[in-house]
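Just so we're on the same page: letters track the sequence lines, and every chain starts at 1. All of these numbers come straight from a predicted model, not from anything done at the bench.
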Amino acid sequence: MLRRTHTCGELRESHIGQTVNLNGWVNSYRDHGGLVFIDLRDRFGLTQLVFDPEGAANPSMHEAARKLRNEDVVAVRGTIRTRIGGENPKLATGKVELVVSELEVLNKTDNPPFLPDDFGQLPNEEIRLKHRYLDLRRTTMQKILTTRHNVMRATRNYFHENGFLEVETPILYKSTPEGAREFIVPCRNVPGTFYALPQSPQLFKQILMVSGCDRYMQICRCFRDEDPRADRQPEFSQVDLEMSFVRREHIMEMMEGFVRRVFGEVLGITVPALVRMPYRECLERFGIDRPDTRYGLEIKDISEIAAKCDFKVFKDALAKNPTARQFYSKKGVVKAIRIPGGAEKLTRKLTDGYSEWVKTFGAGGVAVVKTIKTPDGNIGFETGIAKFIDAPTVKPELIAALGLQVGDTVLFVADTYAVATKTLGELRQKVARDLGIVPEWGKMWNFLWMIDPPMFERNKDTGKWVALHHPFTAPRDDQAAAFVEAAEDDDETLESIVSAGYDVVLNGSEIGGGSIRIHDRAVQSKVFQLLGLSPEQAKEKFSFLLEALSYGAPPHGGIAFGLDRLVMHLVGSDNIRDVIAFPKTQIGADLMTRAPSSCTEDQMKQVHIKSTWVPPV
RNA sequence: GGGGCGGUAGCUCAAUUGGUUAGAGUACCGGACUGUCGAUCCGGUGGUUGCGGGUUCGAGUCCCGUCCGCCUCGCCA
């Protein structure tokens, strides 16, 4: 084989006159009958090859050249010269061409289902995933793979330089049925038992701290058997880490350095110090625990003003748990968003659509009003609920509270604190997209820390307390005492206890989250008690961790970053499958390998399982 | 588990709101062409309209079921 001396991306004018070899794929061919041009491609670029019948050593080579088709794999030998037909400014190698003297066709291709080029329209994703090797040949995909590699490289370098050890943890792991549904693996040696694939290496990394590892990191695979979304896959990667002898500030400082390193190295961006925003403020202003601060449209609580309106929807909502404290999730509230200039931009069709759309979040609808200029030059209301809020006791206060100007639209949601907050949080983002005020990719990078999240919330359906993060998350230092003393049925107090947790949020997307872990036994038993775990049950599930923690555990805490989402941000993709070489579909299928697939009766027998699946008739 | 969108030539799409033999671009095959660069020009092959039922004189089009893909709610400690 004519092994390459150069890649297809590196030949320049300085190489003119040299004899070189290239290997690659035929990216395109232009057969002029006499002259034949081939653009040869590898991961590094394109180089134009010329086959000239005059002076060709043998005519059969020229015949072979004329038969070359897209995606054939070839090796060539020839000399570099200036392009006779003029430069091609689109190519890095566009000033030169290779005059071929020897051609070796390494592999003819069957007619491929699609060509891996980036102009024109892509085939649908089903086809791309089925022939992923063709899709990955596209320059765009090669760039994404490269970016992902660079992120991993920068990550390992950064943490290595800061004293972290990369330690691998088991993939065949113990089932701990809280949290996400697990993938399970039947065990051959112990009939009737199963491994689970880890949702994350959480418990192992804490044990590594007890092990004296001091600083651990791992780029690891995690598995969650839940339905995917545009930014979720059943198996995904985390930059996982844990540190000993630290408080929250130390971890946050180290992580800001990490974010700065990755974004600096990969995109050349300077990341400023991260703003810190308490969970409660995130919810109050943005209606979500991962606020997108790239645009305004902040949410305002106007319950007190709304109480003065003679509007049944508001009154009914406010009648829910009226005496509860302000942020108690079941308290009735009225909240609103001012859309500057919305009177013109938000059509009736759009706002009607919002009223329907918010029902998916449990809200009854959206109340709408527009502001106009009255004949006397003041601000007036029209359409929607105008007549209910026009009273002289209400109108001026509302204008002041929301900072209204002529030409605005106001969207109201009246419901429980939890529903109204979530609904407006989602609506705010939808309106921003509809108005086209979300900055396009690369224009703005708004990082922030979400801190002080609650320890627990009650599950909507079962009414049971569940940990917002996980059961080893410590309360914030100043909250521990109140937490231990709180009665189990004191919902308002328990809901207000905040943890030493923290999330990194970028442009409205959570890219990392973690916490300081509990090292106080009284706190830990209180957590288990609230979660409904008896000491015996806790021991049964987590004995290895509890035991480890009892033998001299250093104060510790950590965080995990979603590698896939990080790469999505860095390459400007809104599809997680684009940043994973071999992703799965919504039912967890790999369209290329056709996994999952059935196994034989014998295989099942060996691991002591039997399928109950009966194919439909 | 629920809601929405989609599936027509290898690929990307069209097909007059149910009406003749389902078209175009591209890829592929054949031919022409010595400076192209997403080459150009001429000709050609290529279809179980995802699958299964139904309505109808007649279905790519309407109805029911089903499979697959995407988005989304629930879910994701």
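In this structure, A:Asp225 reaches neither bases nor backbone, as no heavy-atom distance under 4.0 Å exists between it and the strands shown. Using a 4.0 Å heavy-atom criterion, one finds that A:Arg128 contacts no nucleic acid atom at all. Residue A:Gln586 is classed as a base contact, given a heavy-atom separation below 4.0 Å to a base. Across all strands, A:Arg69 comes closer than 4.0 Å only to sugar-phosphate atoms, never to a base (heavy-atom distances). Nucleic acid contact for A:Ile587: sugar-phosphate only, since backbone atoms but no base atoms lie under 4.0 Å from a heavy atom of the residue. Across all strands shown, A:Gly86 has heavy atoms under 4.0 Å from base atoms, whether or not it also approaches the sugar-phosphate. Here A:Ile127 lies in heavy-atom contact (under 4.0 Å) with sugar-phosphate atoms only. Within 4.0 Å of A:Leu591, counting heavy atoms only, lie sugar-phosphate atoms of the nucleic acid but no base atom. The residue A:Leu468 sits close only to the backbone: its heavy atoms come under 4.0 Å of sugar-phosphate atoms, none of a base. Residue A:Glu97 is in base contact, counting any heavy-atom pair closer than 4.0 Å across all strands shown. Residue A:Gln48 is classed as a base contact, given a heavy-atom separation below 4.0 Å to a base. Among the heavy atoms of the strands lying under 4.0 Å from A:Arg81 is at least one base atom, whether or not backbone atoms are also near. A:Lys130 comes within contact range of no nucleotide atom at all, as no heavy-atom separation falls under 4.0 Å.
If you take atom C1' in B:C28 and the same atom in B:G47, they sit 16 Å apart, rounded to whole Å. Between B:U66 and B:G7, the distance separating the two C1' atoms is 14 Å to the nearest Å. Rounded to whole Å, the P atom of B:U26 lies 13 Å from the corresponding atom of B:G43. Nucleotides B:C64 and B:G6 are separated by 15 Å at their P atoms, to the nearest Å. Look at the P atom in both B:C73 and B:U56: the space between them is 43 Å, to the nearest Å. Using atom C1' as the reference point in both B:U21 and B:U12, the two lie 24 Å apart (nearest Å).
Side-chain atoms of A:Tyr279 and A:Asp503 include no donor-acceptor pair closer than 3.5 Å. In this structure, a donor-acceptor pair under 3.5 Å is present between the side chains of A:Glu495 and A:Ser329. When only modelled atom types and interatomic distance are considered, A:Ser200 and A:Gln238 share no side-chain donor-acceptor pair under 3.5 Å.
When both pairing distances are held under 3.5 Å, B:U16 makes no Watson-Crick or G-U pair with any nucleotide shown.
For A:Tyr29 and B:A27, the shortest distance from a side-chain N or O to OP1 or OP2 is not below 4.0 Å. When the side-chain nitrogen and oxygen atoms of A:Asn124 are compared with OP1 and OP2 of B:G7, none of them lie within a distance under 4.0 Å. A:Lys359 has no side-chain polar atom (N or O) that falls below the 4.0 Å cut-off from OP1 or OP2 of B:U72. Within the 4.0 Å cut-off from OP1 or OP2 of B:G38, not a single side-chain nitrogen or oxygen of A:Ser28 is found.
Ring geometry for A:Phe544 against A:Phe204 counts as tilted: the plane angle lies between 30° and 60°, on a 0 to 90° scale.
A donor and an acceptor atom sit less than 3.5 Å apart, one in the side chain of A:Arg232 and one in the base of B:C76. Applying the 3.5 Å distance criterion, the base of B:C37 shares a donor-acceptor pair with the side chain of A:Asn88. Remark: the A:Arg229 side chain and the B:C70 base include no donor-acceptor N/O pair separated by less than 3.5 Å.
B:A39 has its base stacked against the ring of A:His32, the centroids being under 5.5 angstrom apart at an interplanar angle below 30°. Lacking a ring centre under 5.5 Å from that of the base six-membered ring together with a plane angle below 30°, A:Phe114 does not count as stacked on B:C11.
Mapped onto RNA chain B by nearest heavy atom, A:Leu115 and A:Thr82 fall at different nucleotides, with A:Leu115 at the one closer to the 5' end. Residues A:Lys67 and A:Arg30 both approach RNA chain B. Their nearest nucleotides, taken by heavy-atom distance, put A:Lys67 toward the 5′ side.
Here the nucleotide nearest the side chain of A:Gln121, chosen from B:U34, B:U36, B:U12, is B:U12. The side chain of A:Phe361 sits closest to B:C73 out of B:C11, B:C73, B:G69. For A:Ala180, counting side-chain heavy atoms from C-beta on, the closest listed nucleotide (B:G10, B:A27, B:C76) is B:C76. Checked against B:C71, B:C76, B:G35, the side chain of A:Arg577 finds its nearest nucleotide in B:C71. The side chain of A:Glu226 approaches B:C76 more closely than any other nucleotide in the set B:C71, B:C37, B:C76. Comparing B:G74, B:C71, B:C33 by their nearest atom to the side chain of A:Asp31 picks out B:C33. Ranking B:U34, B:G74, B:C28 by closeness to the A:Lys422 side chain, first place goes to B:G74.
A salt bridge links A:Arg476 with A:Asp452: the distance from a Lys NZ or Arg NE/NH1/NH2 to an Asp or Glu carboxylate oxygen falls below 4.0 Å. Salt-bridge formation is not detected for the pair A:Glu510/A:Arg290: no Lys NZ or Arg NE/NH1/NH2 atom is positioned less than 4.0 Å from an Asp or Glu carboxylate oxygen.
Within the 6.0 Å centre-distance limit, the rings of A:Phe483 and A:Phe456 are counted as a close aromatic pair.
By the neighbour-count criterion of 12 heavy atoms within 6.0 Å, atom CZ of A:Arg521 is sparsely surrounded, having that number or fewer from other residues, nucleotides or ligands.
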